[in-house]
Structure formats: C-alpha cells, structure tokens
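Not measured: the values here are computed from a predicted model.
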Amino acid sequence: MPAFPHSTTSTPTAIAVPPSLALPVIEAAFPRRLHPYWPRLQEKTRTWLLEMRLMSADKVAEYADGLCYTDLMAGYYLGAPDDVLQAIADYSAWFFVWDDRHDRDIVHRRPAAWRRLRFRLHAALESPRTHLHHEDPLVAGFADSVLRLYSFLPQSWNRRFARHFHQVIDAYDREFRNRTEGVIPKVDEYLALRRLTFAHWIWTDLLEPSAGLELPNSVRKHPAYRRAALLSQEFAAWYNDLCSLPKEIAGDEVHNLGISLIKHEGLTLEEAVADMRRRVEKCVEEFLVVERDALRLSEDLDDGTVRGKELGTAVRACVRNMRNWFSTVYWFHHESGRYRVDSWDDRSTPPYVNNEAAGEK
C-alpha cells in the first residue's frame, strides 16, 4: 500500500514491505501524514547540503531525494513552524552525514581523524558561532544547524540539548572503539548505548520547539510523558536495527541488537530477527496504552489558566508527534535508498557516501 494518499515522488508506486519487516498494526493504526512544507523543505535541505559542502553535487543530484531524510522529519514534527522544521531537517541530514563519516573513519582506520572531529564537535556545540566557517564542512554544518536550533527556545533548553548531544558524541566514541577492537556489546549494554547513538533524547527535545514551548521538568519527567517518548524512540532504534541488519552484517558491524543477540544469547539469525520483531511490536502495544495516559496528562494540565492551556496544548502536540514517529520511521526504512543493500555494487560501501579519506585532511 502507498505510504501517502498522494505520493511524494513523480512516479507514485506502492511500497512493497518484505513480510519479515511488515507491521500490519503500523499500516492500519498509525496513518501517515506529511508536513505541508515538505516540498520546499526537500528543496532547501538539498541546497543546504551543497552550500555546506556536506555532499558533493553529483551525490546530491543522484541520491539526496531518494535517501528521504526530509521525508522522515516532515512526517514527525507535524505542526512545527516552517523555519523550525527546516532547521531540524538540516540538522537531521547533517546527522546522517556525520554517521557516515564516523563509519568511514572506522572502515579506513582513521582514529586520529575521528579524535579531531570528536573534539571539534564538542567545542562547536558550546560555541557554534565561532565554528561557522570551520575548515571541516562537517563541523561548519553542525555549527550552522545548532545555532539555528538554539534560536527558538530559552537558554535552558539550549543547555539541555547541548548536554544530551555531548552524550551522543561520547557514545559514538565508544562505538568507534568497539568496532575497531571488534567488541560486540552484551544485549543490555548495547541497548543502553543505542539510546545514545540513536539520540533518543535529542529527537524528543526537538518536539518542544516544534510545539513552540519548552516543557517544565515536571512534565518532561512525568512517567506517562517520558514513557511515551521512550517507547517511540525505542521502536525507531530497534526497527532500524531490524531493517539494517543485512547492511551491518555485510559491513562487519558490531552494533546491532540482532548481532548482540546472536553473539551473546546464542540465537540463530532467524531467532534473532523474531526476537527483534517481538520487541518492536511490544513497543507499539505499550505505546497505545501509555499514549492515553499522556493525553490525559495534557487534559489535566489545561486547568483553565493561560499557562495551563499553553502547556496542555504543547503536550498534546508532542504526544501526537510521538505517534507520528512510528509511521514515519516505518515507511522511511522502506522508501529510503539508505537500506537498499542489494542494489549496491559493494554491500559494505554505501554509494552515497564520500569514501575518500576526508577526515585526514
């Protein structure tokens, strides 16, 4: 079935979801919507990638639209002002490029390049303005996107975002060491690391500028709100692992839930896939329950005061977008060229990456 009633491509076709990856509950109970700004978003992010020199012109022309990075964000942050969605989409595109650089630095054994990049990203997170013209396009692009994200909400939100992303950078460093040393984390260790490398709390933080309001700690840490947010992110991370398992086995990866299950729980590949499916399906089931509790929280907050109405409206917007994350992540994995390993000339080398030793310059 098509992901959208009106396809985002010029040649609309139904997406064939492999039976091992199909989740009927998502297709039936999580209708997919797309932010009306999407066509402009796609165009501007494509231009931004070129201006920031994050992808070469030929790779942008051939692969950018097919990677569907903007589709993913436009399906998640519904209701966001256009400038907020644009900043998030550019940051998300940067994140994918960073992930690819990290992978290439590992594959080509460039620890010095990765170390420099890691230190520079930590610095740019604290002082983005001074890194806007950095010689490394990845640092300059990060600074540009972060500076824009910092413009929407108070400094307290900016500090929280920075704290969360410092943790993401450090988690990527742990992944770098694990991969270069061939260490496959145990399942519990992997799940904890995955929450950081997938940036669970970053994507959750970005719900707030989309809703136009920083939420107080009492709301963000409320069990119903926090659980709904976590389930939406766990679903995304584990479904990503399920879909990318062939790609990551081909690339001698060590960070995938399926790989940890095979190595440390003694499961066969088929058993690991079945276990991962059960986990993602349970996330959906639990979310449908806790979603109601989170929406009741939004009603309780709307106590008739101006502040109460503001908070209730923002929480409803955030929870509804947590729901959108399920469908947009699901369809992204079947539309994006990022996961079409069988179509690549080399199953271990994505055709859309810069495979040169850029990090050593």
Non-hydrogen side-chain atoms of Thr45 and Tyr69 separated by less than 4.5 Å: no
Within one Ile-Leu-Val-Met-Phe-Trp-Tyr cluster: Val280 and Leu269, side-chain cutoff 4.5 Å: yes
Donor-acceptor contact present, side-chain Thr313 to main-chain Glu310, <3.5 Å: no
Tyr225 side chain reached by Met322 side chain, heavy atoms, under 4.5 Å: yes
Donor + acceptor pair across side chains of Trp157, Asp205 (<3.5 Å): no
NZ or CZ of Arg226 within 45° of Trp201 ring axis and under 6.0 Å: yes
Side chain to side chain, Arg101 and Asp136, heavy atoms closer than 4.5 Å: yes
Criterion ring pair (Phe, Tyr, Trp, His ring centres under 6.0 Å) against Trp325, the qualifying member of Tyr76, Tyr239, Tyr77: Tyr76
Beyond-backbone contact of Leu138 with Trp94, side-chain heavy atoms, under 4.5 angstrom: yes
pair Leu206-Tyr91: side-chain heavy atoms closer than 4.5 Å: yes
Distance-minimising heavy-atom pair for Lys44 and Tyr37: CD-OH, 3.3 Å
Geometric class of the Phe198/His200 ring pair [parallel <30°, tilted 30-60°, perpendicular >60°]: perpendicular
Considering all heavy atoms, the nearest Leu41-Ala89 contact: CD1-CB, 3.5 Å
Counterpart residues, side-chain hydrogen bond (donor to acceptor under 3.5 Å, both in side chains), relative to Asp173 (two or more places apart): Trp114, Arg118, Arg177
Counterpart residues, side-chain hydrogen bond (donor to acceptor under 3.5 Å, both in side chains), relative to Asn217 (two or more places apart): Arg220
Min side-chain heavy-atom separation Lys282-Arg279 under 4.5 Å: no
Side-chain touch Leu297/Asp293, heavy atoms, less than 4.5 angstrom: no
Side chain to side chain contact (heavy atoms under 4.5 Å, CB included) partners for Glu281, two or more places apart: Leu23, Arg277
Test log, rule salt bridge (Lys or Arg N to Asp or Glu O under 4.0 Å), inputs Arg174 and Glu189: CA-CA 11 Å; Arg174 291 201 295 278; Glu189 179 188 351; over 6 Å; no
Centroid-centroid distance, Phe152 to Phe161, less than 6.0 Å: no
Spacing of Leu21 atom CG and His333 atom NE2 [to the nearest 0.5 Å]: 9.5 Å
Polar contact flag, side-chain donor to acceptor under 3.5 angstrom, Asp82-Gln86: no
Derivation and outcome, salt bridge (Lys or Arg N to Asp or Glu O under 4.0 Å), residues Asp241 and Arg194: CA-CA 10 Å; Asp241 278 8; Arg194 186 66 166 134; 3.0 Å; yes
Check: Phe326 ring centroid to Phe287 ring centroid under 6.0 Å: yes
Aromatic plane relationship, Trp98 with Phe95 - under 30° parallel, 30 to 60° tilted, over 60° perpendicular: perpendicular
His108 (side chain) donor-acceptor with Arg110 (main chain) under 3.5 angstrom: no
Main-chain N/O of Leu153 paired with Glu214 side-chain donor or acceptor, under 3.5 Å: no
